[in-house]
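Since the structure comes first, as C-alpha cells, the remarks are kept for the end.
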Amino acid sequence: MKFYNTFSRKKEDFIPINKNEVKLYSCGPTVYNFAHIGNFRSFIFVDILKRYLQFKKYEVKHVMNITDVDDKIIKKCHIENLSLKEYTNKYQEAFFNDLEKLNIQEADVFPKATDHISEMVELIKKLLKKGIAYKTADGSIFFNISKFPEYGKLQKLNVDQMKKGERVETDEYNKDSVYDFALWKGYKPEDGDVFWETEIGKGRPGWHIECSAMSGKYLGKTFDIHTGGVDLIFPHHENEIAQSEGANGQKFVNYWMHCEYLGLKDSKMSKSLGNTVFIKDLLEKNYSTRAIRFVLLSVHYRQKLNFSTEQLDIAEKTLKKFDDFIYELQNVEMTNIKNEKIVNYTKEMLEEFEKMMDDDLNISASLGAVFTFLKKVNKFKINNKLSNLDKKNIIKSLKKIDSVLGVIFVEKTLGIDTVHMEEKLQTLKISEDEIEEKIEARNEARENKNWAEADRIRDELLNMGIELLDRKEGTTFKLKS
RNA sequence: GUCGGUAUAUCCAAGUGGCUUAAGGAGUCGGUCUGCAAAAUCGAUAUCAUGAGUUCGAAUCUCAUUACCGACUCCA
C-alpha cells in the first residue's frame with residue numbers, strides 16, 4: 001500500500017510504527033460557524049482513508065481535534081454576547097450532526113482545545129526551557145524559528161526568500177521576526193472572560209499549539225499519519241512540526257496526507273470568501289446525504305474538485321443504479337447452480353478495487369472496477385442465470401466494498417421489501433394488496449390496449465413514490481429511492 | 001520575487017514507457033427489450049494543450065511555449 005507523502009512529495013510504501021496499528025491525527029473543525037462542504041470533503045477523505053485502513057485489517061486509532069478557542073470565535077462571542085462554551089456548543093453539535101448524516105465514522109477521540117490547556121502549557125514550558133521560545137512584554141510567547149533550522153521543511157520554503165510585503169502584521173506582539181508565530185497570546189482587555197491563568201501567564205493558546213499538544217497526548221511523540229486540507233500545510237502543519245520536534249527532539253509524523261480544495265466555479269470555497277455551501281442548503285434542495293457523500297468521495301483526494309449540483313444529480317442516479325441492482329437480485333429466479341463466472345467476477349472486482357485503493361486511494365479506478373462488475377453481473381441477471389450462491393457472493397462482495405465507500409447501503413436496500421416497505425406504505429396509506437390490485441387493473445387495461453388508463457395508473461403510483469417494473473415474468477414494484 | 005500544481009472526448013474522470021488501436025460514469029445518437037416509457041443490454045462518440053527532442057516504441061520521460069490554479073495572510 002502506497003500513500004503520497006506531502007513531506008517527500010512522493011508516493012511511499014506505508015509502514016506503520018506498530019505492525020497492525022495505525023495512529024492517525026486529523027485537523028478538525030474550528031467551531032465558529034457551520035462546516036461547509038469543502039470542509040467535509042477533507043473529513044470524508046479521512047473517513048475513506050480510515051475505512052480503507054480498517055479494510056486492510058489495521059486497527060486505527062483516530063484523533064480529530066475540535067478548535068473551540070481562537071480569535072474569530074472570541075470576536076463572535078462578543079458580538080452575540082454569548083460565553084465561549086455557549087457559542088461553540090451550537091456549532092459543535094451541528095458538526096457532529098453532519099458527520100452522522102454523511103456517514104462519517106466518528107474518531108476515537110475528539111479532543112477540544114479548551115480541555116487541554118495544561119498540556120499546551122507543558123509543551124510551551126518545554127520550548128521556553130530549551131530556548132526555542134521567548135516571552136514578550138505583553139505576556140505573549142513566540143516560537144523562535146531561527147532556533148529551529150529545519151523550519152520550512154514541509155512546505156519547502158526558504159524563509160529568506162519569502163515575499164514579505166503583503167504580510168501586514170501590526171507590532172502589537174513585538175515579535176523578533178515576522179515569521180515567529182504565537183504559542184501563547186497574552187491577555188488583552190478585548191478578550192473579555194476568555195483567558196486562563198497558568199504558570200506561563202494569563203492568556204490563551206495560539207492556534208498551532210493545540211494540535212501538537214493533543215496529538216502528543218493521545219498518539220505519542222511520533223505517530224503514523226497526519227491529515228488536513230492543503231491549506232494547512234503552511235503555516236499550521238509547518239508550525240506543528242516545529243513545536244513538536246523542537247520540544248521532543250524526535251520525528252513528529254511519518255506520513256503527511258493533504259486533501260485538495262473543493263471549489264466552486266474555479267474559485268476555492270472558503271469561509272473568508274463567503275462563497276460557502278452547507279449541507280443543509282443541499283438538503284433543502286432535496287438532495288440526499290448519500291449523494292453528497294458520493295460526490296465528495298468520488299474524486300481523488302489530491303485532485304481539485306469543482307462542486308456543482310449537476311454532480312449531485314449524477315450521484316443520485318448512480319446510487320439508484322446500485323439500489324436497483326441490489327433490489328432486483330431478489331426478483332431473479334434462482335437456480336441452484338453456482339456460477340463459476342460470477343465467482344470470478346467478484347474475485348476480480350475485489351482484487352482490482354484493492355489494488356487501486358492500495359495505490360494512494362485511487363478511488364476513481366476502484367469505482368470503475370465496481371461499475372464494470374455491475375455490468376457483467378447484469379448480463380447474467382437478465383437471463384435469470386443466477387443462483388442463490390451467486391447472489392450471496394455478490395452481496396457479500398458489495399458489502400465489503402461498501403465498508404469503505406459507505407454509500408451503497410446493501411442491508412438497507414435488501415430490507416426494502418420488509419420493514420422499510422411496510423413503514424413507507426403506511427405513510428402512503430396504501431397496502432401492498434391495493435398496489436397489487438392496481439397493477440392487475442393496469443395489466444388488464446394493457447391487455448385491452450387501453451394505454452391511457454394503463455399509463456394513468458402507472459403515473460398515479462409513481463407520484464406516490466412507487467415505481468413499476470415491467471419485466472418478462474410480469475410486473476413488480478419497488479419504492480422509488 | 002521564492003516555491004509548487006494542473007492541462008485526457010460535450011462534461012466528470014482513470015491511465016506515468018509496450019498488456020491501452022486510452023478504464024469507468026454522465027450526456028447525446030442508433031439497435032435489442034417494451035404497447036409506450038423506466039430499468040437492463042448492445043453499439044457509436046479522443047490525432048491525450050502546443051512545438052521540438054529522447055526511444056525500436058510516449059498521453060506517460062526531457063526541454064520550450066501557452067493557459068489556468070495554488071502556497072508564502074485566517075482557511076479543510
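Hydrogens, waters and symmetry mates are skipped; everything else that's a heavy atom, side chains included, is used. This structure is a prediction, so every number in the text was calculated from the model and none was measured. Below, read A as the first sequence line, B as the second, and so on, with proteins coming before strands; counting in each chain starts at 1.
For the P atoms, the distance linking B/A64 with B/C3 amounts to 14 Å, nearest Å. B/A23 and B/U16: their C1' atoms are spaced 15 Å apart (whole Å). Between the P atoms of B/A76 and B/C29, the separation comes to 44 Å (whole Å). On the P atoms, B/U28 is 43 Å away from B/C63, given to the nearest whole Å. The P atoms of B/U41 and B/G25 are separated by 9 Å, rounded to the nearest whole Å. Only the P atoms considered, B/C74 is 33 Å distant from B/U66, to the nearest whole Å.
Using a 4.0 Å heavy-atom criterion, one finds that A/Asp231 contacts the bases of the nucleic acid, with or without backbone contacts as well. Residue contacts shown for A/Gly38 include a base, since a base heavy atom lies under 4.0 Å away. As judged by a 4.0 angstrom heavy-atom cut-off over every strand, A/His300 is placed among residues touching the sugar-phosphate backbone only.
Of the nucleotides present, B/U28 is the one that pairs with B/A44 by Watson-Crick or G-U wobble criteria, both distances under 3.5 Å. When Watson-Crick and G-U wobble pairs are counted only if both distances are under 3.5 Å, B/U55 pairs with no nucleotide at all. In this structure, B/U65 forms a base pair with B/A49, meeting either the Watson-Crick or the G-U wobble geometry with both donor-acceptor distances under 3.5 Å. Using N1 to N3 plus N6-O4 or O6-N4 for Watson-Crick, or N1-O2 and O6-N3 for G-U wobble, each under 3.5 Å, B/C72 pairs with B/G1. For B/U34, there is no paired nucleotide, since no Watson-Crick or G-U wobble pair has both relevant distances below 3.5 Å.
Using a cut-off of 4.0 Å between Lys/Arg side-chain N and Asp/Glu carboxylate O, A/Lys320 and A/Asp324 are scored as salt-bridged.
Nearest-nucleotide assignment on RNA chain B puts the 5′-proximal partner with A/Tyr4, out of A/Tyr4 and A/His208. For A/Gly28 and A/Thr318, each mapped to the nucleotide of RNA chain B holding its nearest heavy atom, the one lying further toward the 5' end belongs to A/Thr318.
By the side-chain hydrogen bond (donor to acceptor under 3.5 Å, both in side chains) test, A/Asn362 pairs with no residue at all, sequence neighbours left out. Evaluation of the salt bridge (charged side-chain N to carboxylate O under 4.0 Å, His left out) rule for A/Asp470 yields A/Arg442, A/Arg446 as partners, not counting sequence neighbours. For A/Glu12, there are no salt bridge (charged side-chain N to carboxylate O under 4.0 Å, His left out) partners at least two apart in sequence or on another chain.
Here B/G15 presents its P atom at 13 Å from CE of A/Met357, a figure rounded to the nearest Å. Rounded to whole Å, atom P of B/C75 lies 12 Å from atom CZ of A/Phe43. In this entry the distance linking CZ of A/Phe181 with P of B/U73 reads 13 Å, nearest Å. A straight line from CD of A/Gln311 to C1' of B/G27 spans 14 Å, rounded to a whole angstrom. Per the geometry, CD1 belonging to A/Ile457 stands 17 Å off C1' belonging to B/A38, to the nearest Å. Put simply, CD on A/Glu328 is 13 Å from C1' on B/U41, counting in whole angstrom units. The OH-P distance, from A/Tyr91 to B/C75, rounds to 18 Å in whole Å. What separates CD of A/Glu260 from C1' of B/G5 is a distance of 8 Å, to the nearest Å.
No donor-acceptor contact under 3.5 Å links the side chain of A/Lys156 to the base of B/C3.
Checking B/U73, B/C69, B/A76 against every side-chain atom of A/Thr30, the shortest atom distance belongs to B/A76. For A/Arg9, the listed nucleotide lying nearest its side chain is B/G4; candidates were B/A39, B/A71, B/G4. Comparing B/A14, B/A26, B/C74 against the side chain of A/Asn362 picks out B/A14 as the nearest. Of the candidates B/U41, B/A71, B/A26, the closest approach to any side-chain atom of A/Lys379 belongs to B/U41. The side chain of A/Lys317 lies closest to B/G27 when the candidates are B/A76, B/A13, B/G27. Side chain of A/Tyr261, nearest nucleotide from B/G15, B/G27, B/G70: B/G70.
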Polar atom pairs (N or O), protein with nucleotides 35-37 of chain B, under 3.5 Å:
{"unit_1": "B/G35", "atom_1": "N7", "unit_2": "A/Arg446", "atom_2": "NE", "d": "3.4"}
{"unit_1": "B/G35", "atom_1": "O6", "unit_2": "A/Arg442", "atom_2": "NH2", "d": "3.3"}
{"unit_1": "B/G35", "atom_1": "N1", "unit_2": "A/Asp455", "atom_2": "OD1", "d": "3.0"}
{"unit_1": "B/G35", "atom_1": "N2", "unit_2": "A/Asp455", "atom_2": "OD2", "d": "3.2"}
{"unit_1": "B/C36", "atom_1": "O2", "unit_2": "A/Arg458", "atom_2": "NH2", "d": "3.2"}
{"unit_1": "B/C36", "atom_1": "N3", "unit_2": "A/Arg458", "atom_2": "NH1", "d": "2.9"}
{"unit_1": "B/C36", "atom_1": "N3", "unit_2": "A/Arg458", "atom_2": "NH2", "d": "3.2"}
{"unit_1": "B/C36", "atom_1": "N4", "unit_2": "A/Arg458", "atom_2": "NH1", "d": "3.0"}
{"unit_1": "B/C36", "atom_1": "N4", "unit_2": "A/Asp470", "atom_2": "OD2", "d": "3.2"}
{"unit_1": "B/A37", "atom_1": "N6", "unit_2": "A/Asp470", "atom_2": "OD2", "d": "3.0"}
{"unit_1": "B/A37", "atom_1": "N1", "unit_2": "A/Arg458", "atom_2": "NH1", "d": "3.4"}
{"unit_1": "B/A37", "atom_1": "N3", "unit_2": "A/Arg458", "atom_2": "NH1", "d": "2.9"}

Polar atom pairs between nucleotides 17-24 of chain B and protein, under 3.5 Å, N or O only, would you list them?
none

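Taking a 6.0 Å sphere around NZ of A/Lys438, one finds it holds 12 or fewer heavy atoms contributed by other residues, nucleotides or ligands.
Between A/Tyr327 and the phosphate of B/A39, there is no side-chain N or O to OP1/OP2 separation shorter than 4.0 Å. OP1 or OP2 of B/A14 lies within a sub-4.0 Å distance of a side-chain N or O belonging to A/Gln303. Taking side-chain N and O atoms only, A/Lys376 has no distance below 4.0 Å to OP1 or OP2 of B/U41.
A/Val31 is not listed as a side-chain neighbour of A/Tyr87, based on a closest heavy-atom distance of 4.5 Å or more.
Under the side-chain contact (heavy atoms from CB on, under 4.5 Å) test applied with A/Leu102, the options A/Leu297, A/Asn97, A/Ile279 reduce to a single match, A/Ile279.
Between A/His36 and A/Phe307, the gap from one ring centroid to the other reaches at least 6.0 Å. Between A/Tyr187 and A/Phe195, the gap from one ring centroid to the other is short of 6.0 Å.
For the 3.5 Å distance criterion, the side chains of A/Asn65 and A/Glu210 qualify, holding a donor opposite an acceptor.
Sorted by first and then second residue, the salt bridge (charged side-chain N to carboxylate O under 4.0 Å, His left out) pairs involving residues 302-315 of chain A (not counting sequence neighbours) are A/Arg302-A/Asp360.
Aromatic ring pairs are classed by plane angle as parallel below 30°, tilted from 30° to 60° and perpendicular above 60°; the pair A/Phe55 and A/Tyr52 is parallel.
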